[in-house]
There are 2 protein chains.
Amino acid sequence: MSQTVDRALSILPLLARGPADLGQVADELGVHKSTALRLLRTLHEHGLVHRQQDQRYRLGARLFALAQEAVENLDVREIAHPYLAALNERIGHTVHLAVYEEGEVVYIDKVESRYPVRMYSRIGKPVAITVAAVAKLLLADLPEPERRAVAAKLDYPPYTPRSTPNAAAFLKELATVREQGWATDLGGHEESINCVGAPIRGADGRVVAAMSVSAPNVVVTAEELLTLLPQVRRTAEAISREYSGTAPTKDNG
Amino acid sequence: MSQTVDRALSILPLLARGPADLGQVADELGVHKSTALRLLRTLHEHGLVHRQQDQRYRLGARLFALAQEAVENLDVREIAHPYLAALNERIGHTVHLAVYEEGEVVYIDKVESRYPVRMYSRIGKPVAITVAAVAKLLLADLPEPERRAVAAKLDYPPYTPRSTPNAAAFLKELATVREQGWATDLGGHEESINCVGAPIRGADGRVVAAMSVSAPNVVVTAEELLTLLPQVRRTAEAISREYSGTAPTKDNG
DNA sequence: ATGAGCGTTGCACATCACGCAACGCCCACG
DNA sequence: CGTGGGCGTTGCGTGATGTGCAACGCTCAT
């Protein structure tokens, strides 16, 4: 809507592909060098863009700071974390929390066996949206038209023989997930990794986040992992209750 | 330099503090609601801002994607990683890689004992710049005036009794680090954690990154950790050689 | 029913971002 | 050592574009 801002923001994904000099930026934007310079300067002042010694521009550190703060302020995450940690304490495996946002599924928390480490390692990276248990849970709850639209637009990479092959299979899987209220990923992303997940719902019943437990084949078989499902679902429900305000937390009005 | 872009970008840190509605954004920017709306819309189209059900705005997922891609494209990181992994293989402890950028020090890679996990957990967060070994190494190499300026502007939080207390002590420590070519953090951030680090230099001798090895007291004493220093320095030097093009890597002109 | 508070829209004005052209600088080449 | 091309940079006049205003519609609480 705003031409200037639009152009400026278009520079970011451009630089995400790698450093570029003024001329390249101007060319790719289709504007005069002086215009590109002014935009880059503004981005630079805000720390979103950094200029290296060879004068080329690349994305700046402030970007990390923003991403960091953004994820810290997600209230689902804040509420869910102690539950995830407790579950992890009991069963030992890796626990994930993820949200859906405009076509993307991102992990917003992770608890590893030893101590809490947030899984920023995956944040922003295209999560295996066609196979991950959390992705299925989040997409299964979308309104029908959006669900179909998203499913149609996706790629279906054959990570393993058990990966979701196409949109039809995916939509069918989503229907199942929607019905049963939980999801799995049995070797669909990495041959030897299985996951079981459950949805976290807001007060209106809509799925606001999803959690999952992952473990490699060598530690527990898929069957054994499935025996943990009740615990996972109970945890997800407990989080849902607190998130929607029905739980006995602190005071409430 | 560009008013419109400047205003738009000012929204980001504002939203990083938490979700806000249109009125709040307009107020804090000091512009009319309609102006704020247009800016937010543009940010939204680029995925940097997300609108939640209650109509309030918060930072969007694309931000993570950008931060992710940005860190993946840092060439120091790419070159250093195999060396860090190899060192970690030998000594078992956590290995970090960090860079300095306009007043901030950020971790750009991390190798844990079991398998490589990048430490985005810290990326962008204010690293304990006054005590971390990597921070000392990076700041020690700054030109005198900038070093003094940065040191003067910093806060010196007393994480532990051994934390750097003030600018004078910090500058003195930096002088030592600069002279000896390596740095430590002995319980300056967390009482029980020690680190030793060494600088990675470019072709011109300037420090472009810093690496460190960290281990808790309970595993190895500070003295034992220091015996690893030669290995750390050798690794850093090897990375420096390859980075600056003096190493026998692939072909070279 | 009523009004307050919010986001949204269309519009007229002038601000502000635009492209141009000229400059200075650093290298690479003759 | 001179010369030219390529790069980032600057100042400026023009008009496209971002701006604030006022009016509208909506939801929610009273």
Side-chain angles (χ1 to χ4, degrees), chain A residues 1-12 14-15 17-60 101-102 143 202-206 244-245 252-253, chain B residues 1-12 14-15 17-60 101-102 143 202-206 244-245 252-253:
Chain A
M1 287 246 85
S2 169
Q3 184 186 80
T4 317
V5 178
D6 185 45
R7 285 173 171 173
L9 297 182
S10 300
I11 293 178
L12 298 179
L14 194 153
L15 290 184
R17 304 204 307 264
D21 61 32
L22 179 61
Q24 292 168 11
V25 173
D27 281 353
E28 298 220 39
L29 278 188
V31 299
H32 196 269
K33 276 189 304 178
S34 60
T35 303
L37 181 65
R38 213 155 358 89
L39 298 176
L40 281 165
R41 276 222 244 266
T42 312
L43 289 167
H44 180 79
E45 275 174 24
H46 286 259
L48 298 184
V49 147
H50 177 68
R51 195 154 200 194
Q52 35 191 31
Q53 293 94 328
D54 60 0
Q55 296 219 100
R56 291 190 303 166
Y57 295 90
R58 59 173 177 75
L59 296 182
E101 185 171 306
E102 297 173 63
D204 54 359
R206 289 288 308 274
S244 53
N252 101 24
Chain B
M1 288 243 82
S2 168
Q3 187 187 78
T4 317
V5 178
D6 187 43
R7 286 173 171 172
L9 296 182
S10 300
I11 294 178
L12 298 178
L14 194 155
L15 291 184
R17 303 204 306 265
D21 62 33
L22 179 62
Q24 292 168 12
V25 172
D27 281 354
E28 297 219 41
L29 278 187
V31 300
H32 195 270
K33 277 189 304 179
S34 59
T35 304
L37 181 65
R38 214 154 1 87
L39 298 176
L40 280 165
R41 276 222 245 265
T42 312
L43 289 167
H44 179 80
E45 275 174 24
H46 285 259
L48 297 183
V49 148
H50 177 68
R51 195 153 200 195
Q52 34 191 31
Q53 293 93 329
D54 62 359
Q55 297 220 98
R56 292 190 304 166
Y57 295 90
R58 59 173 179 73
L59 297 181
E101 184 171 306
E102 296 174 62
D204 54 359
R206 290 288 308 273
S244 53
N252 102 25

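Throughout, protein chains are lettered first and strands after them, A, B, ... in sequence-line order, and every chain is numbered starting at 1. Hydrogens, waters and symmetry mates are skipped; everything else that's a heavy atom, side chains included, is used.
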**OP:** Could you tell me which non-hydrogen atom of A/Glu101 sits nearest to which non-hydrogen atom of B/Gly60, and how far apart they are?
**Re:** OE2-CA, 3.1 Å
**OP:** Could you check how far CG of B/Asp27 sits from P of C/dG7, rounded to whole Å?
**Re:** 10 Å
Original post:
In whole angstrom, what separates B/Gln24's CD from C/dG7's C1'?
Top reply: 13 Å
Original post:
At their closest point, which heavy atom of B/Ala36 faces which heavy atom of B/Val31, and how far apart are they?
Top reply: N-CG2, 4.0 Å
Original post:
Do B/Val5 and A/Leu9 have side-chain heavy atoms sitting under 4.5 Å apart?
Top reply: no
**OP:** Look only at the side chain of A/His46 and the backbone of A/Leu48, and say whether a donor-acceptor pair between them is shorter than 3.5 Å.
**Re:** no
**OP:** Could you grab the distance from atom CG of B/Leu29 to atom CD1 of B/Ile11, nearest 0.5 Å is fine?
**Re:** 5.0 Å
Original post:
With a 4.5 Å heavy-atom cut-off, do A/Leu39 and A/Val25 have their side chains touching?
Top reply: no
Subject >> Separation of A/Arg51 CZ from A/Leu40 CG (nearest 0.5 Å) >> reply: 8.0 Å
**OP:** Return the set of residues passing side chain to side chain contact (heavy atoms under 4.5 Å, CB included) with B/Arg38 (not counting sequence neighbours), or none when no residue passes.
**Re:** A/Met1, B/Thr35
**OP:** Just call it for B/Arg56: base, sugar-phosphate, or nothing, with non-hydrogen atoms closer than 4.0 Å on any strand.
**Re:** nothing
Original post:
Tell me, for nucleotides 13-19 of chain C in 5' to 3' order, what letter each nucleotide earns: B for a base near a protein heavy atom under 4.0 Å, S for only sugar-phosphate near one, - for neither?
Top reply: ---SSBB
**OP:** Using modelled atom types only, decide if a donor and an acceptor are shared between the side chain of A/His44 and the backbone of A/Val49 within a distance under 3.5 Å.
**Re:** yes
Hey, what are the protein-to-nucleotides 23-25 of chain C N/O distances that come in under 3.5 Å?
none

**OP:** Please round to 10 degrees the angle between the axis of the first five pairs and the axis of the last five pairs in the helix from C/dA1-D/dT30 to C/dG30-D/dC1.
**Re:** 30°
Subject >> Pairs satisfying salt bridge (charged side-chain N to carboxylate O under 4.0 Å, His left out), at least one member in residues 21-35 of chain A, at least two apart >> reply: A/Arg17-A/Glu28
Subject >> Side chain proximity check, B/Pro19 to B/Gln24, heavy atoms < 4.5 angstrom >> reply: no
Original post:
Are the side chains of B/Leu15 and B/Leu43 in touch, meaning some heavy atoms are under 4.5 Å apart?
Top reply: no
**OP:** Provide the start and end nucleotides, 5' to 3', of the part of DNA chain D that has atoms under 4.0 Å from heavy atoms of chain B.
**Re:** D/dG18 to D/dA22
**OP:** Answer yes or no: is there a donor N or O on one side and an acceptor on the other, between the side chain of B/Ser2 and the main chain of A/Thr42, under 3.5 Å?
**Re:** no
